[in-house]
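The next block holds one structure in the form of structure tokens; read it before the comments.
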Amino acid sequence: MNVKTPSKLEKILKAGHLAVTSECGPPRGSDPEAIKKKAELIKDHVDGINITDNQTSVTRMCSLASCIHLRLMGLEPILQMVTRDRNRIALQSDILGAASFDIHNMLCLSGDHQSFGDCKQGQNVHDIDSMQLIQTVRYMRDEGKFLGGDDIKRPPNMFVGAAANPFADPFEIRVPRLAKKIAAGVEFIQTQCIYNLDKFEEWMRLARERGLTEKVFILAGMTPMKSAGMAKYMKNRVPGMDVPDELVKRLAGVPKEKQAQEGIDICVEAIQRLKEMEGVKGFHIMAIEWEEKVPEIVERTGLYPRPKI
Amino acid sequence: MIVADKKPIEEIVEEVKDCDNILILGCNECVTVCEAGGKKEVGILASALRMYFLNQGKDMKIDERTLERQCDQEYLDEIRDIADQYDAIVSLACGVGVQFTAEQYHSIPIYPGVNTCFLGATEERGLWTERCQACGQCVLARTGGICPVSRCAKRLLNGPCGGSSNGMCEISKELACGWQLIVNRLEALDKMDDYEKIFPIKDWSTDRAGGPRKVVREDVQI
Ligand code: SF4
Ligand code: SF4
């Protein structure tokens with residue numbers, strides 16, 4: 001087991017366990033309890049907790065501060081960082097800030113366009129892209145240097161992740177794009193929410209064919225649907241989301257008050273199927289504003305208790 | 001070319017309402033092609049303003065003139081003899097022309113009559129789209145001749161992002177995803193292997209980020 005960082009997530013994955021991560025969105029305010037409460041709900045059922053970085057471009061408490069709150073609780077945060085809002089100075093500086101609190105995981109993203117959020121008239125930065133952010137943090141960690149070439153005293157020691165969306169277009173570049181992220185230095189992948197399991201399987205097959213599943217840990221992204229309405233919204237409104245008609249029908253086919261439970265059941269069934277899929281190394285359960293359901297999903301899929309490392 | 005769009009007439013009225021004598025100054029280059037600031041548009045704006053001020057009971061003298069170029073001193077000199085008589089000039093040139101005119105006629109207020117939008121081309125009559133952001137270090141050789149800086153909403157050099165859907169960008173179902181276009185071109189050129197080469201971090205110092213830019217060419221200086 002060639003572990004490179006102090007990350008617990010890395011150790012679990014390299015020990016051959018199926019990993020479980022989840023995510024918490026920071027509050028739209030400065031109350032630290034909001035993020036701590038969410039983390040409390042899931043902490044015993046997951047190996048790491050992603051903190052989103054102003055997701056859908058809606059201004060919130062920053063990801064870094066939220067991660068620090070979690071770290072101070074003794075938990076394992078995964079710092080999400082988007083390249084939309086910060087240039088290379090700010091990104092490197094935040095990476096060091098995170099490392100100073102011994103935050104050992106990071107997820108490199110480009111971020112949703114600001115037109116989705118509450119600051120539609122704002123500028124975006126995009127000084128570097130997510131691929132280059134992966135390279136940046138690996139360079140800082142492995143070479144111990146800033147992008148400018150100077151030495152870093154006590155370099156950051158992060159396990160480096162990125163997202164992959166097998167359902168976005170064009171499909172034919174989705175595996176090459178994964179290969180590119182691996183070449184850039186990514187070590188784990190959390191995928192977009194998977195509803196179309198056949199398409200995901202096809203993507204995994206192509207990734208396996210190129211040997212990519214041997215080079216990176218792929219955590220399958222899962223988001224339980226709360227209602228048929230949510231399924232329809234995700235299908236029609238969220239870019240890059242693939243929600244099959246059968247799933248919408250199945251949810252719509254049960255009475256409204258039972259749809260949430262049906263959504264959890266669908267998620268559990270999907271995880272059961274994906275557990276058997278070669279190359280899937282864990283699950284990233286994004287129960288959006290529904291964190292209390294994560295323990296049930298983890299327990300029902302036989303992923304509980306979590307390994308002690 | 002530089003693509004501009006008309007400013008709402010109310011905005012122009014607001015700037016010139018206290019004047020008695022103004023010149024509407026067009027430009028015969030880009031803004032003529034994009035039908036925002038050529039001779040024809042100078043005439044239309046002048047008539048509309050005359051009508052407006054007549055209705056307001058105000059007698060305003062509005063002259064029209066269109067120069068070959070407003071980004072060239074030689075042509076700007078053509079109004080040297082008459083410029084002084086105006087209380088203001090409304091320039092329908094791009095932002096470059098407006099500023100160059102202001103620099104030449106230091107004591108006369110110059111107001112922009114158009115919004116300068118981008119560097120683009122005419123796709124069809126009445127439709128202009130962006131093609132370049134003048135980043136100063138052109139990468140088109142590596143991206144199949146399609147510009148990721150101006151045609152990707154996040155100017156990703158290693159796109160496409162996860163929001164690309166059916167050829168369209170995540171920000172609008174009416175906007176082509178620049179990276180889908182790049183991939184299509186790389187496929188047509190049989191250069192998909194190039195897709196997997198990671199594009200290194202870009203030097204943006206030749207872009208807006210580096211401050212006001214300059215091109216100095218000693219070989220052509222006299
Ligand atoms: S790469 Fe730069 S110079 Fe080339 S077309 Fe794009 S913005 Fe213009
Ligand atoms: S959808 Fe395409 S054009 Fe839009 S931001 Fe993503 S890669 Fe760029």
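Below, chain A is the first sequence line, B the second, and so on; all start at residue 1.
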(message) Can you tell me how far apart CH2 (B/Trp179) and CD1 (A/Ile173) are? Round to the nearest 0.5 Å.
(response) 8.5 Å
(request) Measure from the side-chain N and O atoms of B/Ser165 to the backbone N and O of A/Pro239, and report whether any donor-acceptor pair falls under 3.5 Å. (result) no
(request) Sort B/Lys173 into side chain, backbone, both or neither according to what part of it lies under 4.5 angstrom from a heavy atom of chain A. (result) side chain
(request) May I ask you to list the residues in residues 123-159 of chain B that approach chain A closer than 4.5 angstrom, counting heavy atoms only, ordered by number? (result) B/Ala153, B/Lys154, B/Arg155, B/Leu156, B/Leu157, B/Asn158, B/Gly159
(message) Report, in residue-number order, which members of residues 204-213 of chain A are under 4.5 Å from chain B by heavy-atom distance.
(response) A/Arg210
(message) Check this for me: B/Lys6, atom NZ, are more than 12 non-hydrogen atoms of other residues, nucleotides or ligands nearer than 6.0 Å?
(response) no
(request) Check whether more than 12 heavy atoms from other residues, nucleotides or ligands sit under 6.0 Å from atom OH of A/Tyr233, and answer yes or no. (result) no
(message) Could you check whether atom CZ of B/Arg50 has more than 12 heavy atoms from other residues, nucleotides or ligands sitting under 6.0 Å from it?
(response) yes
(request) Could you tell me which portion of A/Thr136 (side chain, backbone, both or neither) has an atom closer than 4.5 angstrom to a non-hydrogen atom of chain B? (result) side chain
(request) Take A/Glu172 and B/Glu187 through the test side chain to side chain contact (heavy atoms under 4.5 Å, CB included) and record every step on the way to the result. (result) CA-CA 11 Å; A/Glu172 66 271 24; B/Glu187 270 170 353; 3.0 Å; yes
(message) Tell me if the CD atom of A/Gln121 is crowded by more than 12 foreign heavy atoms within 6.0 Å.
(response) no
(message) Once rounded to the nearest 0.5 Å, what's the spacing between atom SG of B/Cys161 and atom CG of A/Asp112?
(response) 8.5 Å
(message) Looking at A/Lys145, I want to see if its NZ is surrounded by more than 12 non-hydrogen atoms of other residues, nucleotides or ligands under 6.0 Å.
(response) yes
(message) Heavy-atom pairs under 4.5 Å with chain A - which of B/Gly167, B/Pro200, B/Cys177 has more of them than the others?
(response) B/Pro200
(request) Among B/Ser164, B/Gly163, B/Ala209, single out the residue with the greatest number of heavy-atom pairs under 4.5 Å to chain A. (result) B/Ser164
(request) Would you mind checking which part of A/Phe167 comes under 4.5 Å of any heavy atom in chain B, side chain (CB onward), backbone (N, CA, C, O), both or neither? (result) neither
(request) Please state whether the side chain, the backbone, both or neither of A/Val238 comes within less than 4.5 Å of a heavy atom of chain B. (result) neither
(message) Using 0.5 Å steps for rounding, measure from the CD atom of A/Gln132 to the CZ atom of B/Phe199.
(response) 8.5 Å
(request) May I ask you to check whether over 12 heavy atoms, not counting those of B/Asn55, lie within 6.0 Å of atom CG? (result) yes
(message) Quick check for you: to the nearest 0.5 Å, what is the distance between A/Asp169 atom CG and B/Asn166 atom CG?
(response) 5.0 Å
(message) Quick check on A/Leu147 against chain B: is it the side chain, the backbone, both or neither that has a heavy atom closer than 4.5 Å?
(response) side chain
(message) Tell me whether the count of non-hydrogen atoms from other residues, nucleotides or ligands lying under 6.0 Å of NZ in A/Lys235 goes above 12.
(response) yes
(message) To the closest 0.5 Å, what do you measure between CD1 (B/Ile198) and CD (A/Gln135)?
(response) 4.5 Å
(request) Count the heavy-atom pairs under 4.5 Å between each of A/Pro170, A/Pro166, A/Gly240 and chain B, then report the option with the highest count. (result) A/Pro170
(request) Please look at B/Met192 and chain A and tell me whether the side chain, the backbone, both or neither of the residue comes under 4.5 angstrom of a heavy atom of that chain. (result) side chain
(message) Would you say that more than 12 heavy atoms from the other residues, nucleotides or ligands in this model lie under 6.0 Å from the CG of B/Leu175, or not?
(response) yes
(request) State, yes or no, whether a side-chain contact exists between A/His113 and B/Ser172 at a heavy-atom distance under 4.5 Å. (result) no
(message) When you compare the side chain of B/Lys202 with that of A/Asp127, does any pair of heavy atoms fall below 4.5 Å?
(response) no
(message) What part of A/Asn165 gets within 4.5 angstrom of chain B, counting heavy atoms only: side chain, backbone, both, or neither?
(response) side chain
(request) Identify which of A/Arg84, A/Arg174, A/Met241 forms the greatest number of heavy-atom pairs closer than 4.5 Å to chain B. (result) A/Arg174
(request) Determine the option with the most heavy-atom pairs under 4.5 angstrom with chain B, choosing from A/Pro176, A/Ser115, A/Ala179. (result) A/Pro176
(message) Pair B/Trp204, A/Arg88 - check side chain to side chain contact (heavy atoms under 4.5 Å, CB included), show working.
(response) CA-CA 11 Å; B/Trp204 292 112; A/Arg88 61 190 83 176; 3.4 Å; yes
